[in-house]
Structures are given as C-alpha cells and as structure tokens.
Amino acid sequence: MQEKMKFSSGEVSRYVANRLRQGPDHTKVEKKPKARKSRAQGGGRLQAIELERVLGELDRMELERQDLLRQIVSDQRLLDAGNRSTTQDEVLAMLDDSEGMEDLNMRSFTGNVSLSQGLESSIRAARSRLAEIRTKIGELMDDDRVAQAYQERVEAKVKTIRLARNVESLQGLIEKCDLAQMQLVARRSSEDVTLTEADRETMGKYDLIRQKAREKIDALMGREDVYYETRRRGLLEFRRQLMNGGFVRTASIRSEIMQILSHLQLGIPVFLRGHLGVGKTEIALHVSRKYLGHEPEFISGSEEATKYDIYGRTQIGVNSERNKLQEFKRRMDEYRALNPDAGPKELKEVERQYYETIVVKGQATSFFQYGPLVRAMKEGKPLIIDEMDGIPHSIIMRINHALTRKAGDRIRIQENGGEEITVKKGFCVIATGNVKSARYKREELDAAFLSRWWSEDIKYPPQTETYEILMAALIDRRGNLQVKNPVDLEDIRRLTEAATEIQQIFSGDHLDFLGEGADAARGTPAGLKKTVLSLRHLWNIVRPWKANNFDKPVEHYILNEFIRPAVAEDQVYLVQLFCRFRFFKTWTVEQFEVPGLTEAKLLAFQGKQAF
Ligand SMILES: Nc1ncnc2c1ncn2[C@@H]1O[C@H](COP(=O)(O)OP(=O)(O)OP(=O)(O)O)[C@@H](O)[C@H]1O
Ligand SMILES: [Mg+2]
C-alpha cells in the first residue's frame, strides 16, 4: 500500500523553489538558497502582508507559466502535423490579386489552408510572455526572504498532497479487501465447499485491515488541510471520470458496485431496478468494463424481441469472396469427417460440385450467427439484458434456464440444430428494468423467475453526490470553479435541492398534498406523470449554461431544456416546484409560454399572492 517515496517533500519544495529562482535554463540546482544570512536583514524590508501578496503573485505566475508551456507544446504539435499548409499571408495576397483568378487553381489553394493558421503567432506570443514571467519570477525570488517563504509554502503543500494521496490509497485498500473477500467466498462456493478454518482467518484479517485503514483515514481527514485537499482531489477525479466516458463513481455507486460484484462472483444473476434515469444501464456497463474487464454483450429489451435475437439465427446470404472460400473449405472438411471412407475420386467429384456451387455461383450458403447470449457464454463475457421487463414473458421464460449456467456447464442451442456449447468462465448476467408501477407499461416478471435473481433497487444519487457531480462538471482542471459570480454557485445548490425533491415526488417517496393537481380532501397528492429531474436532465441544463459562459440565469436553461420539453400535464407543477426553490422569482407568465399557467397561479407560486 505504501507508496515508494523517491523525494521527501522538503526536497521537492527545494527543487521547485530553486528552479524558479534560477529560471528555465539552469543545469545545476543549487542545494540551498542563501537564505539564512540575509533573512534577518530582509525581515524589516518586507512586511508580512506584502510577503503574502508576493507569494500569491508567485503562485499565479507559476500557474500561468505551466499553462503557457502546455499551450506551446500543444500548438507546436498541431503545427508540426500540418506544416505544409498555405500561410494566412499567402491567402490574403491571393485574395487581393483579383487579376490572377483565371489562372489560379483555387481548389488546391484552399485545400492547403489548414485550420492551424495563426498558431505560429500564438506560439510566438506565448513564448514572449513566458520569458517575461520567468524574468519576473526570477526577480521576485532574488529576495531571499521570498525564496525561503515560497519554499516553505511549497513544502507544506507537498506534504498535504502526499497525505491526501495516502487517504486515497487507503480507500483503494478497503475496496481491495472487499474484492478479495468476495473472491474467496466465490471460489469456495464454486467448489461447493464451506470456508475452511484458514479461510476464516484470512477473512478476519481482511476485516482488521479494513478497520485499521478506516481509522487511519478518519485521523488524516481530521486535519483541515488534508480534508480540503482530499475533497478537491475527489472533485478533480469526478471531473476526470466525466471527461473519460462520463461515469462517475461516487461513494454510493461504489458500494452498489461491490454488492453487485459479490453476487455475480457467486454466479447469481443481478437485476437492477429503478426509476427513469437512476443510472441502471450505466452501472451495468461500468461493472462489466471496469470490474469484469470485458465489453459486455448487450440485449436491448423490446416487445419485438424474439428468441432468435437472443440465441442467434441462421443467416442466408451471398458471402464475400473470402467467406466463400472459407465456407467451401469448411464444407469439404465436414464431408471428409462425415465420410472417412471416401476415396480420392469421390472427394474430387464433391470438391468440384462444392466449388461450383459455393465459390463460382456464389450460391446462398447458410450460416448460424450467434446471438448475444450464446456469444457471452462461448466467450466468457458479461451479458447485459437492458430493460428486461420490456421483453415478452414467453421469451424470458425460455432463456430462464440459460441465465443461471455456470462456467463448465454445457448447454444446447436448439436454434442451431442442437449444437452443444460449453459455458466459459467469465459469463454472468446483469439485467435492468423499471420498478413495478402504473407508470411503466411493462411485463410482469413472475415470482418464480425473479427468485433466481438478486434484485436491487437503484435510487437516485443522494443530494450531496448530485451536487458534487455537478460541481465536478463545472470546475477546471485545477479544481477552480468556473462560474461567473457567487449567485451561480447558489443556483447549483438550489438546483440539486429541486432535483432531489422532484425525484422524491416522482418515485412516491414524498407525498405533496399542496402541489398543483393535489386533492387534499380526497387524500390525493400531486404527482408527476412522466417527468423527473435525473442526472441526465441536470446535464442538459448545466452543460449549455456552462458552454454559454453563464451568460443568462440558469432559469432560462431550466425552462428550455427541462420544463418545455416535459409532457404538458407536468409542466405547471414543475414551474411550481422550481418556484418553491426560489427560481423564477421575478418572471412573468408570458415568459413561460406554458399552457395552463395563469398569472394568478404564478403569483401564488412566487409567494406574491394567495391563490
Ligand atoms: N454515475 C454517473 N455518472 C455520470 N453520469 C451518470 C451517472 N449515472 C447516471 N448518469 C447519467 O444519467 C443518465 C441516465 O443513466 P442511465 O441511462 O444509466 O439510467 P437508467 O436508469 O438506465 O435510465 P432508464 O430508466 O431511462 O433506462 C446517463 O445517460 C448519464 O448521463
Ligand atoms: Mg437504462
């Protein structure tokens, strides 16, 4: 677990400080700044506040320096890739020369105009700014007291970062213990034996490691600097995950994943249920790719699904040249295998016939194309049955037997003339579906069928996690928030609160007797027919808001990206819900264009008038 430390934090900070002191071209690193001697003399020169200001400036310049270097490298790379392009000046000269148009091969000319135009000048500008910054940093660092203080600051930062990384390693260790325990239990279960005495001891040790790791984490997180650094790094990690494929592993999702894995390891198929957009499909995909290490086979549930979509079908078609030859060879091999006594003459004749039919005439040959279920079994991959409750019951029942097969089991594929295949290690099944409710027109899955599965209700992420995910989408690669003003930050918080409320109302966890459409006398709460503010919708709101540089208040995006596209019967209630969270405070009814939203209603929602 313990990371091998090559440099102490003191060494790193000394290196950083020296590098800054000496500018970019130094070759030798001075071991220690000549600080001690002049510190006392310099002490009076620089007041503490001034020192703090200078250090702040150094921090900013160092960041700008890193950005410039990054920009130069990336621009240069682009430039190197398209270096035979026409320059901007050449293009301008050509456009000015109206006489020469007849002789000019415009096409080749414009073809050579590369999109990297202007890169040279931007690199030049970046280089000159870089030189400026280096000189400036050099000047500031010439003051020994500044150099010393900067070095101490870097040293403290390096320490905090190391501790925060240790927290992450400890968290990783806990996850590893979970996985190791799961694997042990799974192994014994597949061998059909109970845990031995030694196994129990091993399990106990993992428990102990986990407990101690938790204690260490708590102790480290008790330090304020480590706590904030861990949080900052956590958000940056979320941001990285969002950018590489979009799936964020929050604490609650991680614990869900562990549970899913523990059942899959035992050969138990997993059925993830939940409301619209809770993340069922994403979780199933993520478990397959990241934890089981395979791109899964995927069945998309629909009423039109047939058993052939699942097992496979005989395909008839004219094959490509290569396939024809392969098919010819395959048929010959088959003939030889079936007719071991056939003499050379007979074989020659069969060969002639087969060649004529398959290769020359290219006559339709049939071949069996395996469906996702069989491919997953043969190749030892996970199978995802997405929206399983959308598949007709009769078909689900037919595959019931296949789903709980384990590695080494043999299974007959009726669709391919009773071919027998062996289930390979790695095969497992994850299905998704909606929770049973009048809202979803779904097949009722029968109890006997479901008893073979481990079913888990997936919930919308807790409010704190939703907030973190949204924040992660808005920070830059250093962890700084990109919003324009503090009000925007407040908006994000209220947006997540509204999302949680809407999710709870949608899933029936919260009964709202005061909402639009409720009938308190009859005990009927207000309800959302088809609309919920899932993470997917939050994206749709926040992304364009950010892309447009927070130019308009977030309400515009809430209205255009979420309320207007919602079904008509939910719209007025949605306006009310957002008003509850103090959105749309000064809006007028005309701005909404929501059918059924009257002025009186809106004023009441805004708390300006009783309705
Ligand atoms: N952990 C996550 N990190 C990032 N995005 C997520 C996460 N979970 C869900 N999302 C977002 O929410 C959307 C909905 O997730 P997903 O499609 O998995 O939900 P679902 O439960 O399968 O929904 P449906 O019931 O509509 O099939 C995804 O497209 C993704 O943008
Ligand atoms: Mg889904």
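The residues of the chain are indexed from 1 along the displayed sequence. The figures here come from the full heavy-atom set of this structure, side chains too, leaving out hydrogens, waters and symmetry mates. Model, not experiment: these values are computed from the prediction.
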Step-by-step salt bridge (Lys or Arg N to Asp or Glu O under 4.0 Å) determination, Asp333 to Arg336: CA-CA 5 Å; Asp333 290 345; Arg336 279 193 205 98; 3.2 Å; yes
Considering all heavy atoms, the nearest Pro565-Leu559 contact: CD-O, 4.0 Å
Verdict with supporting geometry, Tyr370 and Glu419, side chain to side chain donor-acceptor pair (under 3.5 Å): CA-CA 11 Å; Tyr370 293 112; Glu419 181 198 6; 2.8 Å; yes
From Arg580, Gln576, Gln504, residue fulfilling side-chain hydrogen bond (donor to acceptor under 3.5 Å, both in side chains) relative to Asp512: Arg580
Residue Glu201 excluded, over 12 heavy atoms near CD under 6.0 Å: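 Incorrect, the count does not exceed 12.
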Any donor-acceptor N/O pair, Ser507 side chain to Gln503 backbone, under 3.5 Å: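 Indeed, once roles are kept as given, a pair shorter than 3.5 Å links the two residues.
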Check: Ala526 main-chain N/O paired with Glu516 side-chain donor or acceptor under 3.5 Å: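 No, because the side chain of Glu516 does not come within donor-acceptor range (under 3.5 Å) of the backbone of Ala526.
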Exercise: do Asn166 and Ser169 side chains pair donor with acceptor under 3.5 Å: no
Residue list, salt bridge (charged side-chain N to carboxylate O under 4.0 Å, His left out) with Arg187, at least two apart or on another chain: none
Could you list the donor-acceptor pairs under 3.5 angstrom formed between side-chain atoms of residues 175-182 and any protein atom two or more places apart in sequence or on another chain?
{"from": "Glu175", "atom 1": "OE1", "to": "Arg254", "atom 2": "NE", "distance (Å)": "3.3"}
{"from": "Glu175", "atom 1": "OE1", "to": "Arg254", "atom 2": "NH2", "distance (Å)": "3.4"}
{"from": "Glu175", "atom 1": "OE2", "to": "Tyr291", "atom 2": "OH", "distance (Å)": "3.3"}
{"from": "Asp178", "atom 1": "OD1", "to": "Arg210", "atom 2": "NH1", "distance (Å)": "2.2"}
{"from": "Gln181", "atom 1": "OE1", "to": "Arg210", "atom 2": "NH1", "distance (Å)": "3.2"}
{"from": "Gln181", "atom 1": "OE1", "to": "Arg210", "atom 2": "NH2", "distance (Å)": "2.9"}
{"from": "Gln181", "atom 1": "NE2", "to": "Met203", "atom 2": "O", "distance (Å)": "3.0"}
{"from": "Gln181", "atom 1": "NE2", "to": "Asp207", "atom 2": "OD1", "distance (Å)": "3.0"}

With Ser252 via side chain to side chain contact (heavy atoms under 4.5 Å, CB included) - residues at least two apart: Thr250, Pro462, Glu465
Worked verdict on Ser300 versus Asp386 for side chain to side chain donor-acceptor pair (under 3.5 Å): CA-CA 5 Å; Ser300 227; Asp386 201 31; 4.8 Å; no
Test: Arg494 cationic atom under 6.0 Å from Phe583 six-membered ring centre, within 45° of axis: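 Relative to the ring axis of Phe583, which defines the angle, Arg494 lies inside both limits.
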Working for salt bridge (Lys or Arg N to Asp or Glu O under 4.0 Å), residues Arg273 and Glu456: CA-CA 6 Å; Arg273 308 208 224 198; Glu456 172 74 338; over 6 Å; no
Heavy-atom side-chain contact between Arg188 and Thr194 under 4.5 Å: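 Of all side-chain heavy-atom pairs linking Thr194 with Arg188, none is under 4.5 Å.
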Salt bridge (Lys or Arg N to Asp or Glu O under 4.0 Å) assessment of Arg231 paired with Glu468: CA-CA 10 Å; Arg231 297 279 304 220; Glu468 281 177 349; 3.4 Å; yes
